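Shown next, in structure tokens, is the structure this report addresses.
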Amino acid sequence: QVQLAESGGGLVQAGGSLRLSCAASGRTFSSYAMGWFRQAPGKEREFVATISRSGGNTDYADSVKGRFTISRGNAKNTVYLQMNSLKPDDTAVYYCAADSNILRSSSPRLRRFYDYWGQGTQVTVSS
């Protein structure tokens, strides 16, 4: 089992940057594929980015590709989301999630494949 805690959210002007962190408890962090999702008011939680267990493969939603970068430090049990060129449409609560299925060959985009979720961190982008 793993516990996840996001940090780094806040208020930023359009065009600015933020870096989110997600710290994981436990000794098997490197066995989890990790993902970032977000949920804006009145909308469903949506996929943002995912990274494989080794960190060698990443995948992004089209809406953030080229602006956001997901990375991980397995020695620090932490996954990051660097967000640049932020837009008001990026305003949401951002959640990190862990997929414990080591038999899955690719990092999933679908919420249902993630077993563990953090509590979320608010990101607000002003225009």
Side-chain angles (χ1 to χ4, degrees):
Q1 194 168 5
V2 63
Q3 292 183 323
L4 305 174
E6 303 94 337
S7 61
L11 173 64
V12 63
Q13 289 188 328
S17 299
L18 282 175
R19 187 174 86 152
L20 307 183
S21 298
C22 173
S25 65
R27 301 170 59 184
T28 59
F29 177 71
S30 60
S31 66
Y32 298 95
M34 299 296 296
W36 284 97
F37 291 76
R38 67 186 182 186
Q39 188 167 17
K43 295 187 177 181
E44 289 192 357
R45 193 170 300 187
E46 65 175 4
F47 167 76
V48 175
T50 185
I51 188 166
S52 62
R53 292 183 291 275
S54 68
N57 292 295
T58 58
D59 187 24
Y60 298 91
D62 287 346
S63 59
V64 306
K65 198 172 293 183
R67 299 188 298 122
F68 290 10
T69 302
I70 188 171
S71 61
R72 65 189 297 162
N74 284 345
K76 294 186 177 182
N77 282 14
T78 304
V79 62
Y80 306 96
L81 186 68
Q82 177 67 44
M83 305 186 295
N84 298 328
S85 303
L86 283 161
K87 306 174 182 179
D89 284 349
D90 295 319
T91 295
V93 177
Y94 283 71
Y95 299 89
C96 69
D99 170 21
S100 64
N101 189 344
I102 63 173
L103 299 181
R104 205 180 333 273
S105 59
S106 60
S107 305
R109 289 187 168 209
L110 297 179
R111 288 179 295 168
R112 62 186 176 92
F113 289 124
Y114 288 86
D115 311 284
Y116 304 101
W117 293 82
Q119 293 300 307
T121 185
Q122 176 71 46
V123 172
T124 303
V125 184
S126 63
S127 57

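In what follows, every heavy atom counts, from backbone to side chain, and hydrogens, waters and symmetry copies are set aside. The structure displayed is predicted, hence computed values, not measured ones.
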Got more than 12 heavy atoms from elsewhere within 6.0 Å of CG, Asn57? no
Atom CD of residue position Glu46 - does it have more than 12 heavy atoms of other residues, nucleotides or ligands inside 6.0 Å? yes
Suppose we screen for side chain to side chain contact (heavy atoms under 4.5 Å, CB included). Which residues come up paired with Thr58, at least two apart in sequence or across chains? Ile51, Tyr60, Ile70
Under the 3.5 angstrom rule, does the side chain of Gln119 hit a backbone N or O of Ala5 as a donor-acceptor pair? no
Donor-acceptor under 3.5 Å (Asn74 side chain, Arg53 main chain): yes
Val48 and Val12: same hydrophobic cluster, using ILVMFWY side-chain contacts below 4.5 Å? yes
Find out if a path of hydrophobic residues (ILVMFWY) with successive side-chain heavy-atom gaps under 4.5 Å connects Val79 to Val2. yes
Just jot down the salt bridge (charged side-chain N to carboxylate O under 4.0 Å, His left out) partners of Arg67, sequence neighbours excluded, or say none. Asp90
Applying salt bridge (charged side-chain N to carboxylate O under 4.0 Å, His left out), can you list everything that pairs with Arg19, at least two apart in sequence or on another chain? none
Point-to-point distance, once rounded to the nearest 0.5 Å, from [atom1] of [X] to [atom2] of [Y]:
X: Cys22; Y: Glu6; atom1: SG; atom2: CD; answer: 5.0 Å
X: Ile102; Y: Ser30; atom1: CD1; atom2: OG; answer: 10.5 Å
X: Ser25; Y: Asn77; atom1: OG; atom2: CG; answer: 8.0 Å
X: Arg111; Y: Gln39; atom1: CZ; atom2: CD; answer: 7.5 Å
X: Gln1; Y: Asp115; atom1: CD; atom2: CG; answer: 10.0 Å
X: Tyr32; Y: Ser107; atom1: OH; atom2: OG; answer: 14.5 Å

Within 45° of the axis and under 6.0 Å from the centre of the six-membered ring of Tyr95, does NZ or CZ of Arg45 qualify? yes
May I ask you to test the [X]-[Y] pair for a side-chain heavy-atom distance under 4.5 Å?
X: Arg109; Y: Asp59; answer: yes
X: Gln122; Y: Leu11; answer: no
X: Ser63; Y: Arg38; answer: yes

Given side-chain contact (heavy atoms from CB on, under 4.5 Å), test Leu4 with Met34 step by step and report yes or no. CA-CA 11 Å; Leu4 305 174; Met34 299 296 296; 4.0 Å; yes
Taking atom types as modelled and ignoring hydrogens, do the side chains of Thr50 and Tyr114 form a donor-acceptor contact shorter than 3.5 angstrom? yes
Hey, what's the ring geometry for Phe37 with Phe47, parallel, tilted or perpendicular (30° and 60° as the breaks)? perpendicular
From the options Leu86, Asn84, Leu81, select the one residue that forms a side chain to side chain contact (heavy atoms under 4.5 Å, CB included) with Leu18. Leu86
